[in-house]
Amino acid sequence: MAIVKSLWIAEVHGGGLDGKEVLLRGWIHRTRGSKSIRFVVLRDSTGTVQCVLKRAVIGDDNFEEISAALIESSVELSGQVIPTDREHGYEIMVKDVKIVGPVNPQRPFPITESAMKQADGGETEFLLDNRHLYLRTGRMTKMLKIRSTIFGAVHSYFRDRDFTEYQAPNFVAGAVEGGSTLFEVPYFGKKAYLTQSWQLYAEAAMPALERLYTLAPSFRAEKSRTRRHLTEFWHAEMEIAWADNEDVMSHGEGLVRHIARTLLEQRSEELESLGRDINTIQKYAESHYPRIRYDDAVEMLQSKGVEIEWGQDLDFSKEKILTEDFEVPHFLTHYPKVAKPFYHRQDPEDPKYVLCHDLLAPEGYGEIIGGGERTWSESEILQRIDEEGTPREPYEFYIDIRRYGGVPHGGFGLGVDRVCAWLAGADHIRETIPFPRDSRRVTP
RNA sequence: GCCGACAUAGCUUAGUUGGUGGAGCGGCGGACUGUUAAUCCGCAGGUCGCAGGUUCGAGUCCUGCUGUCGGCGCCA
């Protein structure tokens, strides 16, 4: 082919190429035609364009070949950009075409219109089994771009504020919380576990870096069957020295707003084509996120007739009722000490509570952040561990951080996939990650 | 861990009180010089998830198993 430089399809639609000859590379999205004319809708990572192939122009051999080519065959073609008043804006009047990677008619591309029909806002077993092929369909492609932008926004938020990115090991010896939800892996004759959180290791580096963050996978062996749980999920976590619960919360709010703002700037088109109302995201990007104390939340629930006792953790069914009253994310703070693990610092003003917070996303998406101020003095941490009945030994290194110049500090963890699901308006967290892992699926 | 559904062609599905399993999409063949999920004609494609049972006869009724989906708990 005479033309060397290939263009993106988005560049064609960008205008200014009327009458110019271009080379495009991509995959056949749709194809239809008759004995002497063929229409191929070509797709690349930037969009689609209709290409018109006439037998009289490209010759019999080329014409037969392109007419026989199935959906998802990869092709390279060159032709003239022509404006059209039909649906597409611009088309390519093709002069030359080459099939690069054909599709065997014995095994046509399995993801058909009928398979996709069910996928709109949900996923079928078939599409999950064929995830490697589903990725290239429009809905997943948009989701992956939104996801990438969110990941980028997490990095830019922290880096613009002088946080240092810091990595913790993924193989660990113990749990952050619970213990029942750890994935055990054999480790040269010993037992190791996949990390549930970066936090304990982050606290170790807190006196060195003071402001640190990570964006890494966490693993939880929960047999959860819900639309907001994965066994392998992406966790954006931060830890900051000389900070109290309020300071940490304002970073949580800042980060989420920054993510929403970045999406508006860079992915409005994708969001809208997934059916998301931009005004909704605008609200999330601009509003202040209210704070409610646990006690007030319990009262609100009781006034709605929900049966809840003080001291009980707020489970999802109760979160859902709470979120009905809010149009923007909101923090729940000051949980009862009995409901939270030892690393949450108890409130010096009332030791029944701990200085913690959860950020709940509206529209029924629920918890996206969990964080708070850490128990930072040696005496308090020993007291909290002992009163929980937790053995001290596995936490010696954690206690050491307090023995050598403990300072007030705190941090939070944000479920990035949950944020993707919420902001993109996905029905299930699985829609937001290329190869979702849950208690029943590790393939493909 | 608990509760509830579902399983029919490559995909999405219809299938009546139990009586020889249909369709649309996709594929193949043909028609058509501008289509838009192109259209029109034709063809192929099924161990009705698996194993038992009831019955003259089971996709349909019963039991068990497997798989999947949804919800709860747990959490991000």
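Every chain is numbered from 1 and lettered A, B, ... according to where its sequence line falls, protein lines coming before strand lines.
Following rounding to the nearest Å, A:Glu232 (CD) and B:rC75 (C1') show an atom-to-atom distance of 16 Å. Between the CD atom of A:Glu319 and the P atom of B:rC72 there is a distance of 11 Å, rounded to whole Å. The interatomic distance linking A:Arg437 (CZ) with B:rC75 (P) rounds to 25 Å, in whole Å. In this structure, A:Asp427 places its CG atom 10 Å from P of B:rG70, rounding to the nearest Å. Going from atom CG of A:Leu42 over to atom C1' of B:rU35 covers 16 Å, rounded to whole Å. At whole-Å resolution of the value, CD in A:Gln106 and P in B:rG26 are 17 Å apart. With rounding to whole Å, A:Arg38 atom CZ is found 10 Å from B:rU35 atom C1'. Atom CG in A:Leu70 sits roughly 16 Å away from atom P in B:rC25 (whole-Å rounding).
Using a 4.0 Å heavy-atom distance criterion, A:Leu230 is classed as a base contact. Among the protein residues, A:Glu222 comes within range of the nucleic acid bases, having at least one heavy atom under 4.0 Å from a base atom. Using a 4.0 Å heavy-atom distance criterion, A:Gly413 is classed as a sugar-phosphate-only contact. Backbone-only engagement by A:Ser317 is indicated by non-hydrogen atom pairs under 4.0 Å involving sugar-phosphate atoms exclusively. Within the nucleic acid shown, A:Ile111 has no heavy atom closer than 4.0 Å to any nucleic acid atom.
The six-membered or imidazole ring of A:His155 lies near that of A:Tyr213, with a centre-to-centre distance under 6.0 Å. Between A:Tyr201 and A:Phe397, the gap from one ring centroid to the other is short of 6.0 Å. When ring centroids are compared, A:Phe342 and A:Tyr395 come within the 6.0 Å threshold.
A heavy-atom distance below 4.5 Å is found between the side chains of A:Glu125 and A:Arg441.
You can call A:Phe233 stacked on the base of B:rA76; the centres are under 5.5 Å apart and the planes sit within 30°.
Taking atom C1' in both B:rC62 and B:rG26, the straight-line distance is 38 Å, to the nearest Å. For the C1' atom pair drawn from B:rU12 and B:rC6, the interatomic distance equals 15 Å after rounding to whole Å. B:rA14 and B:rG24 have their P atoms separated by 16 Å, with the value rounded to a whole Å. Taking atom P in both B:rA5 and B:rG64, one finds a spacing of 14 Å when rounded to whole Å. B:rA31 and B:rU13 have their P atoms separated by 35 Å, given to the nearest Å. Distance noted for atom C1' between B:rU47 and B:rG42: 28 Å (whole Å). B:rG29 and B:rU66 are spaced 45 Å apart, taking the P atom of each and rounding to whole Å. Nucleotides B:rA58 and B:rU20, compared at atom P, are 12 Å apart to the nearest Å.
A salt bridge does not link A:Arg228 with A:Glu367: none of the charged nitrogens is closer than 4.0 Å to a carboxylate oxygen.
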*asked:* Please evaluate residues A:Ser439 and A:Arg225 with respect to the criterion side-chain hydrogen bond (donor to acceptor under 3.5 Å, both in side chains), reporting the C-alpha separation (whole Å), side-chain torsions for both, the decisive distance (0.1 Å), and the verdict.
replied: CA-CA 8 Å; A:Ser439 61; A:Arg225 298 203 45 76; 4.5 Å; no
*Run the side chain to side chain contact (heavy atoms under 4.5 Å, CB included) check on A:Leu274 and A:Glu270 step by step: do they pass?*
CA-CA 6 Å; A:Leu274 290 177; A:Glu270 283 83 1; 5.6 Å; no
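The salt bridge (charged side-chain N to carboxylate O under 4.0 Å, His left out) check on A:Glu272 picks up nothing, with sequence neighbours excluded. Applying the side-chain hydrogen bond (donor to acceptor under 3.5 Å, both in side chains) rule to A:Thr112 yields the partners A:Ser114; only residues at least two apart in sequence or on another chain are considered.
Nearest to the side chain of A:Glu367, among B:rC72, B:rA76, B:rC11, sits B:rA76. The side chain of A:Gln50 sits closest to B:rG34 out of B:rG34, B:rC11, B:rA76. Listed candidates were B:rA76, B:rG34, B:rG26. Nearest to the side chain of A:Val52 is B:rG34. For A:Pro105, whose side chain is taken as the heavy atoms from C-beta onward, the closest listed nucleotide among B:rG27, B:rC11, B:rU36 is B:rG27. For A:Ile37, the listed nucleotide lying nearest its side chain is B:rU33; candidates were B:rC11, B:rU33, B:rU35. For A:Phe39, the side-chain atoms get nearest to B:rU35 when compared with the rest of B:rG10, B:rU35, B:rU33.
A donor atom on one side chain and an acceptor atom on the other are not found under 3.5 Å apart for A:Ser74 and A:Arg25. Residues A:His334 and A:Asp295 have side chains that never bring a donor and an acceptor to within less than 3.5 angstrom of each other. For the residue pair A:His235 / A:Ser197, no side-chain donor-acceptor distance below 3.5 Å is found, with atom types taken as modelled.
For the pair A:Arg161 and A:Tyr157, the cation-pi criterion (under 6.0 Å, within 45° of the ring axis) is fulfilled.
Residue A:Ser197 has no polar side-chain atom (N or O) positioned under 4.0 Å from OP1 or OP2 of B:rC75. Dashed line: the shortest gap from a side-chain N or O of A:Arg430 to OP1 or OP2 of B:rC69 is under 4.0 Å. Checking the phosphate oxygens (OP1, OP2) of B:rA76, no side-chain nitrogen or oxygen of A:Arg227 falls inside 4.0 Å. Here A:Arg32 reaches the OP1 or OP2 of B:rA38: one of its side-chain N or O atoms lies under 4.0 Å away. The shortest distance between the side-chain N/O atoms of A:His29 and the OP1/OP2 oxygens of B:rA37 is not below 4.0 Å. OP1 or OP2 of B:rC72 lies within a sub-4.0 Å distance of a side-chain N or O belonging to A:Lys320.
Both A:Gly370 and A:Ser34 lie near RNA chain B, and the one whose nearest nucleotide falls closer to the 5' end is A:Ser34. For the pair A:His235 and A:Phe316, both in contact range of RNA chain B, the more 5′-proximal nearest nucleotide belongs to A:Phe316.
Residue pairs meeting the salt bridge (charged side-chain N to carboxylate O under 4.0 Å, His left out) criterion with at least one partner in residues 43-59 of chain A, sequence neighbours excluded, are A:Arg43-A:Glu72, A:Arg55-A:Asp60, A:Arg55-A:Glu64.
When base pairs are accepted only as Watson-Crick or G-U wobble with both N-N or N-O distances under 3.5 Å, RNA chain B takes part in stems of 3 or more pairs at B:1-7 with B:66-72, B:10-13 with B:22-25, B:27-31 with B:39-43, B:49-53 with B:61-65.
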*In B/S/- notation, 5' to 3', how is nucleotides 1-9 of chain B contacted by protein heavy atoms closer than 4.0 Å?*
B--------
Are there any protein N/O atoms within less than 3.5 Å of an N/O atom in nucleotides 48-50 of chain B, and if so, which ones and at what distance?
none

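Note: A:Trp198 and A:Tyr166 have perpendicular aromatic rings, judged against thresholds of 30 and 60 degrees for the angle between ring planes.
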